[in-house]
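Heads up: the structure comes next, in structure tokens.
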Amino acid sequence: MQSNPLLENLNDLQELAAKVTDTNVLVEAGPGTGKTRVLTARMAWLIAQGCKPHDILAITFTNKAANEMAERLGAAGLSGQLQITTYHSWAFNFLKDRVPDRACPVVVTENEQKRILTEVARSEGFDGKIKAIFDRIQFLKQSYPIKIEEEPEDVQLLWKLYHDRLSAYNLYDYDDLIIAAIDHLESQGNKDENVLSYYHVLIDEFQDVSPAQYKLTQLIASHGCRVMAIGDPNQSIYGFRGSDPVFMRRFETDFSPCTRISLTSAYRCPQRLLDAARIVLAVEEAPVLKSHKGHAGNITFKKFQTPEKEAGWVARKIDQLSGGISFESLNQGIASGQGLRSLSDIAILFRINRIGQIFAKELEKAGIPYQFGGAANPLSDEKLNKLWHLLEFIEGRDIDYHLFMLRPEERKRLLSLTSNLKKEMKAMEPSNLLKTVSRLLKFQYSTSEARLLKKAIKWHQRGRPLSLALKAEQDVLDFHVEAVSLLSLHASKGLEFPVVFITGCEQGLIPWEKGDIQEERRLLYVGLTRASEQVFITCSMRRHLYGEKIETQPSPFLEDIDELISKEKGHRKRRKKARQKKLF
DNA sequence: GAGGTTCAACCTTTT
DNA sequence: GTTGAACCTC
């Protein structure tokens with residue numbers, strides 16, 4: 001039996017997690033403890049034990065994570081029929097194969113969901129608060145079992161109207177995929193021997209499962225296969241979309257017999273960061289992680305009078321850390337040439353994306369390249385998505401459905417097209433057609449959108465739906481680019497940078513006023529544990545948000561870790577200066 | 001149908 | 001303070 005590189009250099013607990021196959025396994029894996037290593041090692045081990053690739057199913061939450069895992073396995077010579085997929089795409093393919101009375105499901109985006117619900121509600125003369133009901137419906141769809149009959153009448157009504165309309169057009173929203181898969185398995189699964197035949201299921205980021213996804217996991221695993229769930233309950237930051245860390249605890253009993261392993265050797269963060277992060281978490285039973293870094297790490301805190309000053313300081317600090325090529329740093333002689341950082345080693349994190357703009361502006365001023373990470377701009381996504389519907393409409397397919405996805409005003413514009421003009425458009429070159437259609441909808445494109453469109457047209461010509469082509473081309477962080485990364489705290493999960501700035505660390509932002517306080521703590525926990533070397537925490541004493549000017553206080557979370565924060569030299573002097581300034 | 005006004009939201013995000 | 005949807009007028 002040949003040894004695989006993925007099975008080498010594991011610590012004892014990692015190895016145990018990878019090789020226990022006589023029970024189910026729950027792995028609690030804190031930041032930097034080798035979560036992905038365990039997952040890939042386990043797959044390598046199973047294969048080495050003679051398990052067939054198609055008997056193994058690995059589930060992740062994002063396509064990106066799935067691709068990364070596939071890449072790692074591929075690099076170790078284990079590609080082939082390993083199934084690495086997300087819950088949603090698993091359910092999509094499952095349904096495609098097994099629900100013959102409905103053709104290939106079409107999935108609607110959240111914006112489309114909203115439009116459909118609003119339209120359907122209005123056409124039935126409903127005049128209540130649609131937004132609140134929409135949120136409620138979204139919440140219900142994550143739950144299991146869904147008890148719609150216990151809901152208020154208006155929720156029940158809109159639920160029905162919405163779903164009737166979806167099935168009329170053979171549409172599913174993302175949650176429907178999970179729900180439909182559960183329904184199918186519950187009603188027919190046990191009668192159909194061939195429905196599921198996995199011997200091993202591995203689930204990544206288990207702290208992020210919703211009740212529905214948990215149920216689906218139980219159904220998939222009900223045929224006697226072994227399940228490994230791995231995750232970190234303390235990094236559960238997606239409560240707003242249905243994640244519930246409670247399932248990490250439930251797993252042990254629901255998937256008995258189960259071996260529980262807690263990985264506590266941390267290879268990313270220095271000890272001081274781990275300690276601070278654990279204090280911020282304020283969870284008694286959280287595991288104490290032991291750092292294997294050779295140094296303690298460093299946390300500094302600095303507060304500013306305005307967000308612009310905060311951002312300006314961050315920009316100067318980055319300039320300094322990266323070797324200071326800007327005019328200002330050369331002038332002041334702070335460029336030291338020692339231990340210089342690459343710009344890709346540095347991340348600026350914030351609670352809300354809006355705040356990222358302030359940093360972008362200051363970085364631009366300083367001539368420091370940057371890139372935004374996380375989700376692509378949903379507005380442009382929507383724009384491009386609409387274009388696709390329009391193109392399909394012009395091609396003459398599924399007219400009702402595609403028109404339905406447009407706003408009333410846009411729809412009117414379209415319906416005003418004479419059949420002559422439509423014929424003309426049909427004969428146009430794709431790029432020309434896009435131009436015409438865009439003019440019709442009054443769309444204007446940024447350069448990046450224009451680039452995206454060009455690529456997408458090429459894909460489209462090769463027979464792919466434009467919307468899919470556009471999705472595939474969405475820009476993500478490029479770690480090879482010499483640029484600072486700008487990210488929301490949420491978007492930073494799973495990433496690692498030597499230097500991390502956690503900005504806007506103020507009461508009201510971190511923690512977010514209306515947020516769940518414990519989840520806000522976990523969010524800061526995630527932020528702190530992104531850094532492999534040092535963390536700068538900053539805040540501003542004033543904040544301009546939603547047209548309101550607010551006086552702010554540093555985050556109360558910081559009080560708890562005061563002793564772990566290095567005091568900047570010359571603190572007192574600076575203070576004096578500030579006071580003098582005030583006199584004028 | 002274009003163009004103006006008012007009103008209410010306004011976080012985090014994946015599929 | 002910005003955006004989008006709904007509603008108005010010409």
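For the numbers below, each heavy atom of this structure counts, side chains included, while hydrogens, waters and symmetry mates do not. Just so we're on the same page: letters track the sequence lines, and every chain starts at 1.
Going from atom CG of A:L177 over to atom P of B:dT14 covers 17 Å, rounded to whole Å. Between the OH atom of A:Y238 and the P atom of B:dT15 there is a distance of 10 Å, rounded to whole Å. Taking atom NZ of A:K114 as the reference point, atom P of C:dG4 lies 12 Å away to the nearest angstrom. Distance CG (A:D173) to P (B:dT14): 17 Å, rounded to an integer number of Å. With rounding to whole Å, A:L486 atom CG is found 16 Å from B:dT12 atom C1'. For the pair A:L489 CG and B:dT12 C1', the computed distance is 9 Å after rounding to whole Å. Counting to the nearest Å, the P atom of C:dG1 and the CZ atom of A:R543 are 15 Å from each other. Summarising the geometry, the separation between CD on A:Q357 and P on C:dG1 is reported as 16 Å, rounded to the nearest angstrom.
Atoms CD and CG, on A:Q83 and A:L202 in that order, are 12.0 Å from each other to the nearest 0.5 Å.
Between A:F240 and A:Y238, the gap from one ring centroid to the other is short of 6.0 Å.
A:D208 comes within contact range of no nucleotide atom at all, as no heavy-atom separation falls under 4.0 Å.
Between A:S488 and B:dT13 there is a side-chain N or O to OP1 or OP2 distance below 4.0 Å.
With hydrogens and angles ignored, the 3.5 Å screen pairs a side-chain donor or acceptor of A:S555 with a backbone N or O of A:I510. With hydrogens and angles disregarded, a donor-acceptor distance shorter than 3.5 Å links the side chain of A:Q518 to the backbone of A:L281. Remark: the backbone N or O of A:A483 is not paired with any side-chain donor or acceptor of A:S344 at under 3.5 angstrom.
Between A:K493 and A:D208 there is a salt bridge, since at least one side-chain N of the basic residue sits less than 4.0 Å from a carboxylate O of the acidic one. In summary, A:E520 and A:R351 engage in a salt bridge, as defined by a charged side-chain N under 4.0 Å from a carboxylate O. Salt bridge A:K365/A:E362: present, at least one basic N to carboxylate O contact under 4.0 Å. Note on A:K35 versus A:D232: no salt bridge recorded, every NZ/NE/NH1/NH2 to OD/OE distance being 4.0 Å or above.
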Exercise. For DNA chain B, just give me the dot-bracket, please: Watson-Crick or G-U, both distances below 3.5 Å, ( ) intra-strand, [ ] crossing earlier pairs, | paired with another strand, . unpaired.
Key: ||||||||||.....

Nucleotide N/O of nucleotides 7-11 of chain B paired with protein N/O under 3.5 Å:
residue, atom, partner, partner atom, Å
B:dC11, O2, A:R351, NH1, 3.3
B:dC11, O2, A:R351, NH2, 2.9
B:dC11, N3, A:W512, NE1, 3.4

